[in-house]
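Read the numbers this way: they start at 1 and go in the same order the structure lists the ligands and their atoms. Positions are given from 1, in the same order as the sequence printed here. What you are looking at is a predicted structure, and each value in this text was computed from that prediction instead of being measured.
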Amino acid sequence: MAPNGTNTAAPAASGDHMLTGAVTIQVNVFIFGLIGLIILFRLPGLIGFLRSNSGRPFLQTFGRNPPTPGNGGMTSNPVSAVSSLDLDYSQKTEKKIVVHDVHRPSYPGSQCPPHVPSTPKLLDPLLKLLHARVVPGYSALQIAILMNYTYILLYGAFRMSNPFTDNTRSAWLSVSQLPLIFALAQKSSILGTLLGYGYETLNYVHRYAGRLSILAGNIHSIYYIYKWTNAGTFIANISRPENAWGLVLLLAMDLLYVFSTEFWRRKAYNVFFWTHTIGVIVLFPAACLHRPALQPYAFACVGLYGLDRLLRAFKSSIATAKVTALPEMDMACLEIPTIISGWRAGQHVRLRILSGRMGLFGWAETHPFTIASAAGANDGLVLLCKRAGDWTGRLVDLSKELDSKVEGQGRLKVWIEGPFGGPSRMVFASFSAAVLIVGGSGITFGLSTVEELLAKDHNNQSRLKYIELVWVVPNPGSMSPLVPLFTSLIQQSESTVLKISVYYTRALTERVPVFEKMNATPCTPVAIFHPNLTLSPGRPNFKSILNKAVDSALGVSTVTGKDAFWVSGLAVGICGPLSLGEQVVKSVGDIDSATRYRVGGVEVHEE
Ligand SMILES: Cc1cc2nc3c(=O)[nH]c(=O)nc-3n(C[C@H](O)[C@H](O)[C@H](O)COP(=O)(O)OP(=O)(O)OC[C@H]3O[C@@H](n4cnc5c(N)ncnc54)[C@H](O)[C@@H]3O)c2cc1C
C-alpha cells in the first residue's frame, strides 16, 4: 500500500509478475495447442469437403436476368409450386421404394463427392459414447471439452498461486481469454472454419469461456473492493483514473453476463442484443485505460471484432423481396429472385426489413432465418418466417395486408446478411442414405436440403439412394400449403427415392381437410396424392425410421458388377425443438455398433 493510504493494483514483486506472465502464456499454449490438434484431426474432413465442391461462401446477386438454374428447374416456393404440380401422379406408374433396383455408376467419370467419415471407423464406438446426451442440450463430448477448459484455467489459477491472495493472476487469466471468446463469437468465424463448425455450434464454448472470464475478473475486483473498503480508502482509490476504468471494465463484463442469460435471450432478445453490443464496445477502451499492459489483448479483440464486421458487410446485400402470406402455417414467405446462389442447404441469413411498416425500430432489427430453397432454385432465395413474437408477428400481418390488396404483388425492400452456419463439412450427398427430421419451422432446413440433394442427384453428383424427410407439426392443416411442393419434389426425384412423412401431434375427433379432397382422419395414416407422401397421427417412431434408412443404405451395397459402389453411411439431419433433437440423438445412439459398422457409420448434423 502507498504511504498516503491509497493503493493502486499493488505491484507484486517482479518475480511474481514473471510467473503470472509465464503461466498465462502456458494456459493459452495448452488451449490453442488442443484447438490445433482438433484442427489436424479434422483435416481429412476438410479435404473431403473441398473435393466435394460444395458451394461458395458469398451470396451471388444478379440483376434482372438471373442465369438459368442448374437444378432441373425446381421450385422451393410453396406458392409457385402449385402451378408445377401434377396431381394425377398417383394414377401413373408408381415408384416403389426398392433401393436395390435403383443404382447409378459412381465411377469412372462420376462426379459423386468422396465420402470422408468424420472419424475413423475404429473410433466409432467411442464416438457413440461421446455423442450421448448427459444433460439436456449437451453431449458427453461437449461436457468433456468444457471440463478440460476448466481444468486448464484452474491450473492457471492455482499454479504456485492462490486466486484469493494473488490479486493479479485472476485478472490476467480473465483478460487472456478475451481473444478466444471473441473468436468464438464471430458470425463469419475463422476459428469455426478451421475447426469445421458453424458459429452457432461453437456458441456454447463462447458462453462458457465468457462466464469463466467474467468470474475471474470479479474475483480480481472483489479483492480490491474488500481491501480498500476495509482500509477506508475506497473513494480515494477508485478516484484514480486507472482504477475508475477498472471499475468500468468490471461493470461492462457484468452487464455482458447478466443480460446474456437464457432468461433475457428468450424473453427480451433486444435487451440481450443491445447490452451485449454496448458492453463489448465499452470493454475495449476500459481495458486499455485500466492497464496499458492489457492493450495487446484488447487490440486482438478489436481486430477480431472489426474483421467479423467487415466480412459481414461484404456478405450483405439489399434486394427486393416478393412477399406472400401462408395463413394456414401463420407464416410469411419471402422470395428474392435476384439472389440465386452462394449458399448451402441448412445455412441461414440474417434478415432486416427496410420498411417503416415494421414499427418505429422494426427496420433496425435483424433476425436469423434458414434459407428454404437450394442454391440455383427458380425462385432464388426463399425464406419462410413463422410468427413467434412481435417482429415476426408484424411481418406475417404485413404479408397478409399486402396480399389482401393485390394477391402475389407484395414487395418489400430487405437487407440480407449471410450465409452463416449450416452443416459445415458434412456433405449429405456423400452418404448412401439420409434422414432429415424437422419440427415446426425447421421445415425450412428440410426443404432446402431435399431440394439441394435432388438437384445433385439430377446432375449425377450424389451417392444418395434414399432420403426421408420427417416433419412433425401440431396440426395436420399445417401441411396444406406445402402439399404441392412436397408432391412436386417427390415427382422430381430420379434415381434417389424420396419419402416425405408428416406427423401431427394433436389428437383429432373428426376428419380435417388437408388439400383438395384429401382429409386427415383420426388415428389413421393416409397417403396424400402419392404413396411416398404420408400424413400420420402421433409422434414418429424414430427407431424404425432410422432402421428403414439403414436397410435402404445397405441394400445399395448388394448391387454387383461395374455399377456397384460401397455403402457410405447414413446421414441424419435434425432441426427443431431441443426435445426433438434429444429423442433423435438417443435413437441414433441405440443403433448397435455392428450395424453402424456395416452401414459405414451414422453421422448427425443438428441445427
Ligand atoms: C439459426 C436460426 C435459424 C432460424 N430459422 C428460422 C426459419 O427458417 N423460420 C422461422 O420461422 N424461424 C426461424 N428462426 C427463429 C426466428 O429467428 C425467431 O422466431 C425470430 O427471430 C423471432 O423474433 P420475434 O421478435 O418475432 O420474437 P421474440 O418474441 O423476440 O423471440 C422469440 C424467440 O426467438 C428468439 N429470437 C428473437 N430475436 C432473435 C434474433 N435476432 N436472433 C436469434 N434469436 C432470436 C428469442 O430468443 C426467442 O426465443 C431461426 C432462428 C435461428 C437462431
Side-chain angles (χ1 to χ4, degrees), residues 76-78 137 185 187-189 192 197-204 206-207 259-277 312 321 323-326 328-336 343-353 358-374 381-399 414-424 436 438-449 451 471 473 478 481-482 573-578 581 605-607:
S76 2
N77 184 338
K187 294 267 183 301
S188 300
S189 175
Y197 295 111
Y199 79 91
E200 67 282 36
T201 313
L202 295 172
N203 195 259
Y204 77 102
H206 162 78
R207 289 201 299 267
F259 292 104
S260 66
T261 49
E262 196 171 341
F263 173 84
W264 290 102
R265 290 203 316 270
R266 282 200 182 280
K267 299 278 176 207
Y269 192 89
N270 280 336
V271 174
F272 155 71
F273 176 81
W274 285 111
T275 49
H276 233 65
T277 307
R312 285 169 65 175
V323 188
T324 0
L326 300 173
E328 300 89 341
M329 297 166 78
D330 210 13
M331 275 184 166
C333 173
L334 271 70
E335 187 191 308
I336 306 160
W343 71 90
R344 286 180 68 204
Q347 289 196 294
H348 66 270
V349 290
R350 297 179 66 79
L351 169 74
R352 186 181 299 214
I353 305 280
M358 288 299 290
L360 192 55
F361 297 110
W363 59 270
E365 287 186 33
T366 41
H367 291 261
F369 293 98
T370 306
I371 305 169
S373 54
L381 188 143
V382 175
L383 302 175
L384 296 175
C385 313
K386 187 163 176 59
R387 184 193 302 269
D390 286 352
W391 191 87
T392 41
R394 277 198 295 271
L395 179 59
V396 173
D397 291 342
L398 185 56
S399 69
V414 294
W415 173 301
I416 296 280
E417 190 186 300
F420 302 115
S424 294
L436 307 162
V438 302
S441 63
I443 188 62
T444 49
F445 164 75
L447 281 177
S448 58
T449 307
E451 197 187 320
W471 186 27
V473 283
S478 308
L482 294 183
I574 311 167
C575 184
L578 192 67
H605 165 72
E606 217 177 329
E607 275 288 298

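Side chain of Thr370 to main chain of Phe445: no donor-acceptor pair is present (N/O by atom type, distance under 3.5 Å, no hydrogens or angles). The closest donor-acceptor contact from the side chain of Trp471 to the backbone of Gly440 lies under 3.5 Å. A distance-only check finds a donor-acceptor pair linking the side chain of Ser424 to the backbone of Gly198 [under 3.5 Å].
When side chains are defined from C-beta on, Val473 does not count as touching Ile443, because their heavy atoms never get closer than 4.5 Å. Phe259 has its side chain out of reach of His276: every pair of non-hydrogen atoms, C-beta onward, lies at least 4.5 Å apart. For the pair Thr392 and Phe369, the minimum side-chain heavy-atom distance is below 4.5 Å.
The protein non-hydrogen atom at the shortest distance from atom 28 (P) of ligand 1 is Gly389 CA, 4.0 Å. Shortest contact from atom 11 (O) of ligand 1 to any protein heavy atom: Lys386 N, 2.7 Å. Of all protein heavy atoms, the one lying nearest to atom 47 (O) of ligand 1 is Arg265 O, 2.4 Å. In this structure, atom 4 (C) of ligand 1 lies nearest to the protein heavy atom Pro368 O, 3.4 Å. Shortest contact from atom 9 (N) of ligand 1 to any protein heavy atom: Leu384 O, 2.9 Å. Scanning all protein heavy atoms for the shortest distance to atom 48 (C) of ligand 1 gives Arg266 O, 3.6 Å. The single protein non-hydrogen atom nearest to atom 32 (C) of ligand 1 is Ala388 CB, 4.3 Å, given as residue, atom name and distance.
Of all the heavy atoms of Asn270, none lies under 4.0 Å from any atom of ligand 1, so neither backbone nor side chain is involved. If you look at Thr366 next to ligand 1, the close heavy atoms, those under 4.0 Å, all belong to the backbone.
Closest heavy-atom contact between Glu607 and Gly422: OE2-CA, 3.6 Å. When every heavy atom of Asp397 is checked against every heavy atom of Arg387, the shortest pair comes out as OD1-NH2, 2.9 Å.
Distance remark: protein heavy atom present below 4.0 angstrom from atom 42 (N) of ligand 1. Not a single protein heavy atom sits closer than 4.0 Å to atom 34 (O) of ligand 1. Protein non-hydrogen atoms do reach within 4.0 Å of atom 51 (C) of ligand 1.
Taking every non-hydrogen atom of Ser441 and a distance limit under 4.0 Å, the qualifying atoms of ligand 1 come out as 9 (N), 10 (C), 11 (O), 12 (N). Close contacts of ligand 1 with Thr444, meaning ligand atoms under 4.0 Å from a residue heavy atom, involve 7 (C), 8 (O). Near Asp390, with a cut-off below 4.0 Å to any heavy atom, the atoms of ligand 1 are 26 (O).
Heavy atoms of Gly421 stay at 4.0 angstrom or farther from ligand 1. Taking a 4.0 Å cut-off on heavy atoms, Glu200 fails to register as neighbouring ligand 1.
Checking Thr324, Leu395, Leu384, Val382 one by one against Leu334, the side chain to side chain contact (heavy atoms under 4.5 Å, CB included) holds for a single residue, Leu395.
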Exercise for the section: Please report the C-alpha distance between Tyr199 and His348 in whole Å, then the side-chain angles of each, then the deciding distance to 0.1 Å, and finally whether the ring-ring contact (aromatic ring centres under 6.0 Å, His included) criterion is met. Expected result: CA-CA 12 Å; Tyr199 79 91; His348 66 270; 5.7 Å; yes

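Inclusion of Cys385 in the set of residues having an N or O under 3.5 Å from an N or O of ligand 1 is not warranted. Looking at ligand 1, you'll find an N or O of Thr392 within less than 3.5 Å of one of its N or O atoms.
Across Val382, Asn203, Thr370, heavy-atom proximity to atom 5 (N) of ligand 1 is greatest for Thr370. The option with the heavy atom closest to atom 12 (N) of ligand 1, from among Tyr269, Trp264, Phe369, Phe273, is Phe369. For the residues Met331, Gln347, His348, His367, the heavy atom positioned nearest atom 21 (O) of ligand 1 is part of His367.
Between Phe272 and Tyr269, the two ring planes are perpendicular [angle over 60°; tilted spans 30° to 60°].
The distance from the CG atom of Leu360 to the CE atom of Met358 is 13.0 Å, given to the nearest 0.5 Å. Going from atom CG of Leu436 over to atom NE2 of His605 covers 10.0 Å, rounded to the nearest 0.5 Å.
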